[in-house]
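Protein chains get the first letters and strands the later ones, always in sequence-line order, with residue 1 at the start of each.
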There are 2 protein chains.
Amino acid sequence: MTLQSCVSDECTAMQGRGGDLSKTTRPSVGPAFASAQEVARRAGVSRSAVSRAFTPGASIAPDTRAKVEAAAAELGYHVNHLARGLMRQQTGIVCLVVADIQTPYLSRLLENLSRRLQEAGKVVMVLNAGRASGNVEGALRQTLNYRADATVVLSGTPYRSIAQSCLDSGQRLVLLNRNDHLPGTVNLSVDNARAARTAATLFLHAGYRRLALVTSGVGTPSLTARRNCFLATAGEAGVEVHVWEGGATAYESGLQAGTALFSSAEPPDAVFAVTDLLACGVMDAARHRFRRRVPDDVGVIGFDDIEQAGWASYDLTTFGQPVAEIADWTVRVVAGGTVEEPADRVFEAPLVWRSSVARSL
Amino acid sequence: MTLQSCVSDECTAMQGRGGDLSKTTRPSVGPAFASAQEVARRAGVSRSAVSRAFTPGASIAPDTRAKVEAAAAELGYHVNHLARGLMRQQTGIVCLVVADIQTPYLSRLLENLSRRLQEAGKVVMVLNAGRASGNVEGALRQTLNYRADATVVLSGTPYRSIAQSCLDSGQRLVLLNRNDHLPGTVNLSVDNARAARTAATLFLHAGYRRLALVTSGVGTPSLTARRNCFLATAGEAGVEVHVWEGGATAYESGLQAGTALFSSAEPPDAVFAVTDLLACGVMDAARHRFRRRVPDDVGVIGFDDIEQAGWASYDLTTFGQPVAEIADWTVRVVAGGTVEEPADRVFEAPLVWRSSVARSL
DNA sequence: CTGAAAGCGCTTACAG
DNA sequence: CTGAAAGCGCTTACAG
């Protein structure tokens, strides 16, 4: 026992089994799975009958089915979907290609997508396309190897060549928040332009005049659109915007941005952070390092409506990601029958009013 | 165009393609995949040669391999891992069964696990076992259907019967933070007892005397262990602990807990929240609703070391989840050859010192 | 409604 | 090093 023990019985009882030897003596091959053949034999029917018993809508007599089910239960039989996929030419597998899974927005998207896809009878394979773990290209190759029916790219850009392979082999390919519009793919995105315009307008109406924009050094289409439209809208009103750009799309960058911004000669009185994570960093810099009050000394708007945006320490005004809608539409494209109409979509990102922007100064 | 347009060229250029019709006219079956047969024909070799070209270590002449590779590239051939799995009796699939993916701790664990598993040549299937999306039982059934080589249960308890099926069919089953120790499974957990004891000791040494414990209504083994050991340790020191218990393991519950605790007749001067999410809620209640200062008026300790614990608004003292170690060990069990020794493990959760506990009052 | 048979795309002894 | 052949576990026309 590596742990010092705790006097309370219950306390020690909860832990400390670590050293126990539950010997995992397993034959290298392992007990075989039961096959349809064996079930057939046991049930006294043909192999085909077993297949029919597990195929919804197949024509089979009620008592034949009953016999099969009984035998299957006794043997612990489970249809082998790999073999089934081989015959049916569709595997039921949907691949989700994603980097930065641990990020609030993406993990929420992943949760919604996997849940809805499962409910629709699909099974999801997650391909982590993070820096270290290979790239989107490698991920798409796996998608091909496992004959996924469809693949959804949540972040990152697939190389054209390999994406084309997916398409060529009959896969459905849905791309989120990209703007390359590769022919044959379904492109889903969010109305970043409108949101950014709204953000600028909100600041201006409230009376803020020294605007700043904080974005990361990662130029994804979404981030770029938010940035550019915010600048354009402010520009139309004759207001210049101080742009801070750099680092990863993360809290730390926001903290840096805020620190730089508020220690500059002309500190801003309002900042649009292209992401909530950045916004939280900016707010923390403003408050904890410069004693600025939000929203009186400085207004802040973010994007994504991550859980933390609603926490009392931030209470951030932001734009919600229409995650549920994106998931629904993806399921429709991926699991629905033949979607022949143009399936591209742009979803609205609704403004979520909280207290980080003054109604008017 | 549903969007009002933005004057800047670049701005409108970024968006607004939503209405475009990139007609997805796709034959319902889709262009077929190239098969090894076709590659063989094109390369002028046998079907077996093609197999060998894609099997590391198989005996094949360099130029035969070259011919095969060329033909494969031209045809866009990708080995069908489903068929391969059928023959090899192992699919390379590892299932991760998990509820609450969008939670900071679990999404981080998921990220680590999927990344490391991929690096080890496995492919991961995620089974969302959340409330709505079916349960752990359904998930494990999928695991069986797709003949996963192993399955890792990150949260929730599998029914014994179905877990047994996994074992019976030769799967490796690793359970995280459970204490049922089903024979044949590998159990990985964290030293909750020690951490909870440390938390109590820290408070006592700093001079806090009116202790409280906040936990959710979800009695997982980890949470229960933390709770009980904290109580036991305080008890040994002759200090009573006010326990608040209820709701989900989430920020909201922490907020409620804090509100209840600080409006009670004898408000605590230190609270151990069994999870960082709860701790953040407690801190926000203390500060924003009761103007308590942390750590002077009240000390707070959490568990998990989620990203937010390190944010300036919280700067929470907590215990780190040894996520990387857990992932490493899992890979070893799952992807490593034959792990015949007892593979159960209890990992330390190191104390992460930040500023939410006074050194001494 | 049912069974015998062909076939999905692969791998792996088995001879050569 | 190489090819012909058997077989992994399933589904699906095809006759009956």
- [ ] Would you kindly give the CZ-to-P distance between A:Arg65 and C:dT2, to the nearest whole Å?
- [x] 10 Å
Open item on the list: Taking the minimum atom-to-atom distance to the side chain of B:Ser48, which one of D:dA4, D:dT2, C:dG9 wins?
Closed with: D:dA4
Open item on the list: Measuring from the side chain of B:Leu86 (C-beta onward, heavy atoms only), which nucleotide among D:dT11, D:dG9, C:dC14 has the closest atom?
Closed with: D:dG9
Task: Given D:dG9, C:dT2, C:dC8, the nucleotide with the shortest approach to the side chain of A:Gln89 - done: C:dC8
Open item on the list: Nearest to the side chain of B:Ser59, heavy atoms from C-beta on, is which of C:dG3, D:dC1, C:dC10?
Closed with: D:dC1
TODO: For the side chain of B:Ala83, starting at C-beta, report the closest nucleotide among D:dT12, C:dC10, C:dT2.
DONE: C:dC10
Task: Residue pair B:Leu113, B:Leu154: steps toward the side chain to side chain contact (heavy atoms under 4.5 Å, CB included) verdict - done: CA-CA 10 Å; B:Leu113 239 21; B:Leu154 310 210; 3.7 Å; yes
Task: Rounded distance (Å) that lies between atom C1' of D:dT11 and atom CD1 of A:Ile60 - done: 14 Å
Task: Nearest-Å distance for atom pair CD/C1', residues B:Gln37 and C:dG7 - done: 12 Å
Task: Sugar-phosphate, base or nothing in reach of A:Ser35, heavy atoms under 4.0 Å - done: sugar-phosphate
Open item on the list: Rounded to whole Å, how long is the line connecting atom NE2 of B:His81 with atom C1' of C:dC8?
Closed with: 17 Å
Open item on the list: Would you compute the distance between atom CG of A:Leu96 and atom CG of A:Leu176 and round it to the nearest 0.5 angstrom?
Closed with: 9.0 Å
Open item on the list: I'd like to know if B:Arg41 and B:Glu38 make a salt bridge, using a cut-off of under 4.0 Å between side-chain N and carboxylate O.
Closed with: no
Task: Value in whole Å for how far the C1' atom of D:dG9 lies from CE of A:Met87 - done: 10 Å
Open item on the list: Only pairs with both distances under 3.5 Å count, Watson-Crick or wobble alike; so what is the partner of C:dA13 in this structure?
Closed with: none
Open item on the list: Base, sugar-phosphate or nothing for A:Phe54? Non-hydrogen atoms, less than 4.0 Å.
Closed with: nothing
Open item on the list: Rounded to whole Å, how long is the line connecting atom CZ of A:Arg52 with atom C1' of D:dT12?
Closed with: 8 Å
Open item on the list: What is the separation between atom CD on B:Glu38 and atom P on C:dG7, rounded to the nearest whole Å?
Closed with: 16 Å
Task: Listed nucleotide nearest any side-chain atom of A:Ser51, set D:dC10, C:dC10, D:dT2 - done: D:dC10
Open item on the list: Is A:Thr64 close enough to C:dC1 that one of its side-chain N or O atoms is under 4.0 Å from OP1 or OP2 there?
Closed with: no
Open item on the list: Taking the nucleotide of DNA chain C with the nearest heavy atom to each, does A:Ala61 or B:Val79 sit closer to the 5' end?
Closed with: A:Ala61
Task: B:Tyr77 side-chain N/O to C:dC10 phosphate OP1/OP2 under 4.0 Å - done: yes
- [ ] Can you figure out which of D:dT11, C:dC8, C:dT12 approaches the side chain of B:Arg88 most closely?
- [x] C:dT12
- [ ] May I ask you to decide whether A:Arg108 forms a salt bridge with A:Glu111, counting only side-chain N to carboxylate O separations under 4.0 Å?
- [x] no
- [ ] Might you work through the side chain to side chain contact (heavy atoms under 4.5 Å, CB included) test for B:Thr55 and B:Arg88, ending with a clear yes or no?
- [x] CA-CA 12 Å; B:Thr55 303; B:Arg88 294 237 245 249; 4.0 Å; yes
Open item on the list: What is the separation between atom CZ on A:Arg47 and atom P on D:dT12, rounded to the nearest whole Å?
Closed with: 14 Å
Open item on the list: A:Leu167 vs A:Gln164, test: side chain to side chain contact (heavy atoms under 4.5 Å, CB included). Steps then yes/no.
Closed with: CA-CA 5 Å; A:Leu167 257 16; A:Gln164 194 57 55; 4.0 Å; yes
Task: For D:dA4, the Watson-Crick or wobble counterpart (both distances under 3.5 Å) - done: none
